[in-house]
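Every heavy atom of this structure was used, including side-chain atoms; hydrogens, water molecules and symmetry mates were not.
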Amino acid sequence: MTTTDTIARRAKDGLETDFHALRKQGITWLQALAGDNWTDFNLHDPGVTILEQLCFALTDMDYRGNFNTADYLIDEAENLDHKGLALCPQKDTVFSRATTPEDYRTIILDAVPELDNLRITPLRDNRIKGLYEIAILLNSQIRATTKDDVMDSVRNVFLRTRNLGEDIEKITIIREIPCFLFADVEITSRRSPASIMAEIYARTAEWICPTVTRLPREAPSSDASQSPFEQEGPYTQQLIQCEPVANPKVNPIQISDIPGIIASVEGVVTVLGTHLYYEHPVATSDENTDREDSVFRLNIPENDLAVKVRLLRSGKPIPVRHADLLPELEKYRKSNHRQSIPLEARSQINETIAGVRRDLHISESVQNLFPATYGIGAIGLPRSASLKRKAVARQLKGYLLLFEQLLANHMSSISHTKDLFCAKRQNSQSYFCQPLNEPIVPDAPALWGDNQPQTIVPQIVQKFDNCHERNGRVLDYLLALHGEKFTQNSLRHFNFYEAPGAAEAMVNQNKRRMILQIAAINRNRAAGYDFSRDTVDYRNVSGLRRKTSLLLGISAPGFWLTDSLRRRRIALISDAKFEQEQSDAKSFVPVMLDIKNQALGDTIQHIPCRSMDAAAVAKAFKSVPGFTFPRKLGETVLKEGVFPENYFIQFSTNGAHCRLLLKTSKTAKVVALDENRKSSESGERYWHIHTFSHAENAAAFGNALRSTFCSLNRRSEGFHVVEHVLLRPDTPDAQENHDIDDEFFSMKVSIVLPSWTTRFADHRFQQVIKETIIKTCPAHISPQFVWLNWSKMRQFERLYKAWLLSRVPSGPIPDETNVLSRLTKEFLLHHMS
């Protein structure tokens, strides 16, 4: 008995949804409920008529709810936003990042057409793990002047696709040793001599030194039975077919194999003798003929005299001209290339989903389907009908309108599926409605009365719409399609920057950002920094930093963490120094208040907290021309200025003005002493921000200031990932001078984080950060954490930036790079926790 691993499209619940089945089930239920009170279930009965209309509506809804999924997701132009809906083509999800030496080899061969083959091997005997040695086999047409350019291309491709903790130790060029084939071969008359000789040369050449074959993915296939995912590993623009070039020390050439290769050619009867020459004749015994960093390469004849393979038929030589050999050789190479992925399967790799546009809104009322004698359709009742008759018809219309509105809302929600599942924008609703009015429902205004359905229906629906929770569940479903889970309960707990009640919106926004990048984020989770670029910005970061930033809710990431303050010409200083700097300022002046004093306590109140966007913040600051933001800011003020409960308004005794105050934990209760060392005043220290004439202006400015502190904190959050293997000395002199154990460089990274922001200074959230990074980091990479204050981070980023720029392709200086690597390494070791 065969079984299937698929899930059935719909579970059988025993309830059929076609019209007749629904009507039959309805009659059964009515008979059980009505008993002896209702015995007429014939067609003329009004109850049966209403039941039939209900069955018709349910049947229509079931039909509209069973279209293909893509039909509900396309827009009016029948376009499907694949990225916004997290629907990725197979080439973005099936193919992985390079993880093995063979993957790197395939990617480099795909990107560098000047290569005929290459060998990439991990350095096993090196104590520093993660280093590779690449030996390249150049195309025979490459000039000596372009060899350095080819080596730079190989290096850049590797740096662009490398993983964390991996690097190139060296790149070498494989030296070619030309070989000349001598053979006497007895053939039949079933094939042309030129085609037989061409195949002999081609097979022997490929056996001696395999070369790469690059095929376009659109090429026709000769084998349609293969799996569309036969090509494993990373995605390449071309199909790469080539055996790796052998290491002569490991796989020496066995000359005794050549007769067997020639004998396998169709049309060959007997191989009478073979010889292989390079510079001097090579013995026919199984002698090891390899040289280090060199390969033998069969020389293809360039003229008639260079053709040393003799074809015999009945012992008589059959001459083959060089002009006839070359076309047959090219013909054989093209026909012998087997396709790895069939055409129809390759089309699935780039296949996208298409749908058909469906109009799911209700365009006609079910009341028009009732018999005309009911008087509730478009025809209505005649003028001669009595008032009672009209009242009864209107009563039935109102009764049916309630259920029709529910059905219309349901269909409207289905038609907005594409909006609910779109991750590009934040939805303010998850329930949708279609208010029923004329011309859909006849005489609808008389039923609604003074209420406008366009207003009253959305208001009613909105009362039951917990949009953040429902949108969150939809986003969870889209994440689950990629095997991701994004609960972020810790971010709800450490919600320091958003206004109260905005935690769910923040979490959903983080989920959307993750969904829009989900395929690349998961595939490149282990990606390292790309040193092949000349720019240093946030578009070029490691995969670990990119994914962890999303998981930690770092909403405004920048590459340099100190830039958010530097752009505003702000420097963070200690609290004591800040108090000294602000003693003579007009804003952020330290004052002491004794709020335990009853009279003074009555004049102080908290400001009401509300969210403000960037435009509102700028407008609030412009309205207070006398305020000057400090160029040197205390660390505690920055961290605790995000809490709305720290802002107060103090009114003057006569009520003519008020001032905005900020209280922080480092301005705790103090006692001031006069010159006689006696207590002159006591109380709690506050920061006087500014004086206002109205409390509303003070509250608005307080919220603007809080929003500014939140923005500065958010934009300062992030971390750097420094790979230790890249800090290793790469010259003999530098290697002699370093005194660090090689274990420091093997599969380790330093995570450099700021300690001056509100969230990142919280010890509980620091534990969340560590757990998240350890969970996201590849299992073979060991992360170590370094926490720095603003001044130390500024010092580190200057050093780190100089080190990164010293490694760009536009002209790195090895000596300078080694010096900067040593300084960066010493800095990390000094501050490592």
Ring geometry between Phe621 and Phe627 (parallel below 30°, tilted from 30 to 60°, perpendicular above 60°): tilted

Aromatic plane relationship, Phe629 with Phe709 - under 30° parallel, 30 to 60° tilted, over 60° perpendicular: tilted

Asp103/Thr100 under side chain to side chain donor-acceptor pair (under 3.5 Å): CA gap, chis, key distance, verdict: CA-CA 5 Å; Asp103 292 341; Thr100 66; 3.3 Å; yes

Cation-pi check, Arg728 onto Phe745 ring (under 6.0 Å, within 45° of axis): no

Value rounded to 0.5 Å, distance of OG1 in Thr121 from CD in Glu133: 5.0 Å

Short side-chain to backbone donor-acceptor contact, Thr817 and Ser806, under 3.5 Å: yes

Side chain Gln238, main chain Asp110, donor-acceptor under 3.5 Å: yes

Pi-cation contact, Tyr104 with Arg162 (under 6.0 Å, within 45°): no

Test side chain to side chain donor-acceptor pair (under 3.5 Å) applied to Thr758 and Asn713, step by step: CA-CA 7 Å; Thr758 307; Asn713 275 273; 3.1 Å; yes

Side-chain heavy atoms of Asn646 within contact of Trp687, under 4.5 Å: no

Spacing of Lys639 atom NZ and Asp575 atom CG [to the nearest 0.5 Å]: 7.5 Å

Gap separating the OH atom of Tyr529 from the CG atom of Leu164, nearest 0.5 angstrom: 13.5 Å

Test: Lys825 cationic atom under 6.0 Å from Phe744 six-membered ring centre, within 45° of axis: no

Ionic contact status for Glu102 with Arg105, cut-off 4.0 Å: yes

Aromatic ring proximity His493/Phe765, centre distance under 6.0 Å: no

By salt bridge (charged side-chain N to carboxylate O under 4.0 Å, His left out) - contacts of Arg160 (at least two apart): none

Exceeds 12 heavy-atom contacts within 6.0 angstrom, atom CD of Glu771: yes

His763/Trp787 aromatic ring centres below 6.0 Å: no

Check: Thr776 main-chain N/O paired with Arg525 side-chain donor or acceptor under 3.5 Å: yes

Expected output: side-chain Asp563 to main-chain Arg566 donor-acceptor under 3.5 Å: no

Flag, side chain of Gln582 to backbone of Ser587, donor-acceptor distance under 3.5 Å: yes

Side chain Lys748, main chain Gln784, donor-acceptor under 3.5 Å: no

His720/Tyr800 under side chain to side chain contact (heavy atoms under 4.5 Å, CB included): CA gap, chis, key distance, verdict: CA-CA 9 Å; His720 296 289; Tyr800 188 46; 3.8 Å; yes

Side-chain donor/acceptor of Glu114 to backbone N/O of Asn139, under 3.5 Å: no

Option among Ile134, Ile120, Leu109 that satisfies the side chain to side chain contact (heavy atoms under 4.5 Å, CB included) test with Val154: Ile134

Side-chain donor/acceptor of Arg545 to backbone N/O of Ile751, under 3.5 Å: no

Donor-acceptor contact present, side-chain Asn540 to main-chain Asp530, <3.5 Å: yes

